[in-house]
Amino acid sequence: MNDLLANLNPQQQAAVSAPDGQILVLAGPGSGKTRVLTQRAAFLIRERQVDPYRLLAVTFTNKAARAMQERLQHSLGSTLDGLWLGTFHSICARILRREADVMPFTRDFVIMDADDQKSLVKMALKEFNIDDKIFPPASLHSAISNAKNNLTQAKDFVAGNYREEIVRRVFERYEQMLRTSNALDFDDLLLYAVRLLQENDAVREKYARRFYHVLVDEFQDTNMAQYELLQLLSSHYQNIFVVGDEDQSIYRWRGADYRNVLRFQKDYPAHETFLLEQNYRSTQNVLDAARAVIDRNTQRTPKSLFSERGRGEKIILFEAMDDHAEAMFAVETTRTMMESKKAGGGEIAIMYRTNAQSRLLEEAFFQSRMPYRLVGAQRFYGRQEVKDMIAYLRTVQNPADEVSLLRVINLPPRGIGDKTLEDLRNIADNAQLSMGSVLLDLGNKQGESQFWHTFSGRAAAALAGFGALLVNWRNLNQNILLPELFEHILKDTNYQEYIMDASDVGYSRWENVQELLRMAYEYSNSGLVEFLENLALVSDQDTLPEKSDTPTLLTLHAAKGLEFKVVFIVGLDEGLLPHRRSMDDPEEMAEERRLFYVGITRAKDHLYLVRADQRRNYGSFDYSTPSRFLEDIPEKVLLRAGVQYHRRLTPSLQSAIPRWTSVPEKKSSLRESARYSAGMHVHHTVLGSGIVIQSKLQGDDEIVTVAFDKAGLKKLSATIAKLEIL
DNA sequence: GCGTTACATATTTTT
DNA sequence: TATGTAACGC
């Protein structure tokens, strides 16, 4: 019967075939977590004859949802008709659109993204004349978001001090603006869904009786609203299967609370816990380091990860002279590994704490003339031109959406300035209508509109002109396919002309617009509502090229869920990792530790931990000290290299540490006679001064790689080139 | 409405 | 340091 269980270890099998009820699977990194979740779904469908229709599977990312869908299809080969599988947000959006009748918005509500949310907060601040220096919009928004994640609505928000009173007022106005715009923000999707299920017995029963089994991925990252949602949806049958790892919770700042794992255990005394401790990814050395780091966190379920892959290579701890040398080391070592076929480019990743750190790495790649892939940063959906077009589409779907309307109403410039907008705003307010409704009225009736004469002649004409466009697009939307509507908008607005200036920036902008248009073609069969929802709920992460043969640069956050044969973690200095902003809060410090843990456990075979003794901060050069996390890694799994000042270590310890070295993987051929070592400052009569990146012995010669200040990177033979050690 | 300049600001960003 | 944004002047 059980080819479903065939390739699973006993722990995994037990979890997959666990009885009904509440099941908690705590799965270490690389222990086959996703596999267990997928097989559990397959098992329920095939072995327990659960109709897919009665199954709900929830993930955090679209990527994870898609992966699960594909695997499930693969292992069942049958149809998954009726199965609900999606992200928390998409599932909530689905429920809310279905039940919109009883909600304070209509079925075709739009979803506000992070930028829109920020705009709304700014608009509220402006209205209230609040100084955005004293109350930064970002901090107010995060206060609002936190409240919502904890299921507090504006009307329930109680202010305990002056600051909170400001928050309360902005919150209220923000909420009002969302309502009049017929819009929900990300947090609302969860919040309203939970409220609906809590307050409306009929609706709750409908869903709870449908979902015989609920399955959840990345459970440690759930916030309070998500936890409640799961409880409500599984409230009838109480069959809930959650998979997670407290040690990989790195989204606390977004409301994620790994203590939901503890709450689960408390809320469901009859639950069963399964621990997945066998790691199929990393060598034992990597796991030992990871464990040493994470063991210092409390409030977690102790796990002892083990691997049958053997000890493996030691972990290289490279201390560079400065941040340039750090980048150079990572890139040069990458090159060496690729050239010697130790690893393909696609199997190598360089990870860092902050996006800003990618710059030096990119420069180093550029200098070495090597291609690389940068994850994150350039966000397609964040591009001005993409946002413009989305705003047009959103205005067509929902003219009440003020953020979008204001974005496009004078774009390209069509003579609707601030003064006109102010009038429009007042007239709309007086008539108790949205600005969009007034525009539509003007567009429809032109001079006959009751509003026409409330504006000056020019303004009325300009507004009516745009209103007419909007009316037309809305009609088109009823009658033609989405991509055609899109093309009409482009044509009517001369948008191409507007963004296509002579520069190549203009051209790439136009390309982005066309890419969006291509995506619209894929929605020919569904429509505008679906297209917009997807744009809001699908991130750039999902559009990343899956496979590549070039090394990857990415933040530690972006690395979660991935694995690479070779991993570099750079910037292992106090202030960077752990980040300086986490210093005064133990919870945040614990999260920095988990972040490091996540990074370490991405490595299959080779792990390089890299830091720099001196790095450029904003303006100035600063000395830095090694990350405190490095101290926890047992010396026996480490191989140290690079310059070592060890200001933090006692003299006795210093002598215990081998002082050396050169390129680690060549250590067998290393001889005492190596004159140069990484980090040394050297001078060459022709090439000038520079820093030694690496040095390896080759026969009787020594090949030294030097990064020259002016001449760039050179490989030199020590017997021929005269290199003076400074 | 647009381009310039001065100025503040600099963590992570699943949806 | 460098980057993005706000305010200013044309």
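In the text below, chain A, chain B and the rest are named by the order of the sequence lines, each starting its count at 1.
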Next item on the list: Return the set of residues passing side chain to side chain donor-acceptor pair (under 3.5 Å) with A:Q226 (not counting sequence neighbours), or none when no residue passes.
Entry: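 Partners of A:Q226 by the side chain to side chain donor-acceptor pair (under 3.5 Å) criterion come out as none, since no residue qualifies.
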
Quickly work out the [X] [atom1] to [N] [atom2] distance and round it to whole Å.
| X | N | atom1 | atom2 | value |
| --- | --- | --- | --- | --- |
| A:L406 | B:dG1 | CG | P | 14 Å |
| A:L562 | B:dT14 | CG | P | 12 Å |
| A:L189 | B:dT15 | CG | P | 13 Å |
| A:D187 | B:dT14 | CG | P | 14 Å |
| A:D217 | B:dT15 | CG | P | 13 Å |
| A:L595 | B:dT11 | CG | C1' | 10 Å |
| A:F596 | B:dT11 | CZ | P | 21 Å |
| A:D115 | B:dT13 | CG | P | 15 Å |

Next item on the list: Could you give the distance separating C:dT3 and B:dT14 at their C1' atoms, to the nearest angstrom?
Entry: 26 Å

Notebook entry, point to check: Between B:dT13 and C:dG4, how far is it from one P atom to the other, in whole Å?
Noted result: 16 Å

Heavy atoms from C-beta onward define the side chain here; which of [options] lies closest to that of [X]?
| X | options | value |
| --- | --- | --- |
| A:N410 | B:dT13, B:dT14, B:dG1 | B:dG1 |
| A:N62 | B:dT15, B:dT13, B:dT11 | B:dT15 |
| A:E588 | B:dT11, B:dT13, B:dT14 | B:dT11 |

ring-ring contact (aromatic ring centres under 6.0 Å, His included) partners of [X], counting only residues at least two apart:
| X | result |
| --- | --- |
| A:Y597 | none |
| A:F568 | A:Y608 |
| A:F88 | A:F60 |
| A:Y192 | A:F105 |

Next item on the list: State whether the distance check finds a donor on one side and an acceptor on the other, under 3.5 Å, for side chain A:R254 versus base B:dT15.
Entry: yes

Notebook entry, point to check: Less than 3.5 Å between a donor and an acceptor, one on the side chain of A:H89 and one on the base of B:dT15, is that the case here?
Noted result: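 Between B:dT15 and A:H89, which were checked side chain against base, a qualifying N/O pair under 3.5 Å is present.
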
Next item on the list: Answer with base, sugar-phosphate or nothing: what part of the nucleic acid does A:I91 contact at a heavy-atom distance below 4.0 Å?
Entry: nothing

Margin query: Once you apply a heavy-atom cut-off of 4.0 Å, does A:G561 come out as touching a base, just sugar-phosphate, or nothing?
Written below: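 If one applies the 4.0 Å heavy-atom cut-off, A:G561 turns out to touch nothing in the nucleic acid.
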
If only side-chain N and O atoms of [X] are considered, is one of them under 4.0 Å from the OP1 or OP2 phosphate oxygen of [N]?
| X | N | value |
| --- | --- | --- |
| A:S582 | B:dT11 | no |
| A:N223 | B:dT15 | no |
| A:R581 | B:dT11 | yes |

Check: Less than 5.5 Å between centroids and less than 30° between ring planes, does A:H557 satisfy that with B:dT12?
Finding: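 Given the distance and angle limits, no, they do not stack.
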
Next item on the list: Classify every nucleotide of nucleotides 1-10 of chain C by which part a protein heavy atom approaches to under 4.0 Å, writing B for the base, S for the sugar-phosphate alone and - for neither, in 5'-to-3' order.
Entry: BS---S----

Next item on the list: Taking A:R602 for its side chain and A:V598 for its backbone only, find out whether a donor-acceptor pair lies under 3.5 Å.
Entry: yes

Notebook entry, point to check: Can A:Y495 and A:E385 be counted as having a side-chain donor-acceptor contact under 3.5 angstrom?
Noted result: no

Notebook entry, point to check: Are the charged groups of A:D115 and A:R407 less than 4.0 angstrom apart, N to O?
Noted result: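 Salt bridge absent between A:D115 and A:R407.
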
Next item on the list: Flag the pair A:D113 and A:R394 as a salt bridge only when some basic side-chain nitrogen lies within less than 4.0 angstrom of an acidic carboxylate oxygen.
Entry: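 Salt bridge absent between A:D113 and A:R394.
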
Notebook entry, point to check: Which residue, A:E592 or A:T222, contacts DNA chain B at a nucleotide closer to its 5' end, judged by nearest heavy atom?
Noted result: A:E592

Notebook entry, point to check: Want to settle it: does A:A256 or A:G415 sit nearer the 5' end of DNA chain B, counting the closest nucleotide to each?
Noted result: A:G415

Checklist line | A:E591: salt bridge (Lys or Arg N to Asp or Glu O under 4.0 Å) partners, not counting sequence neighbours | finding: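 Only A:R594 meet the salt bridge (Lys or Arg N to Asp or Glu O under 4.0 Å) criterion with A:E591.
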
Note to self: List the residues meeting salt bridge (Lys or Arg N to Asp or Glu O under 4.0 Å) with A:R296, not counting sequence neighbours, and say none if there are none.
What the structure shows: A:D632

Notebook entry, point to check: Hey, can you pull the residues of residues 246-253 of chain A with a non-hydrogen atom under 4.0 angstrom from DNA chain B?
Noted result: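 Close to the strand are A:Y251, A:W253.
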
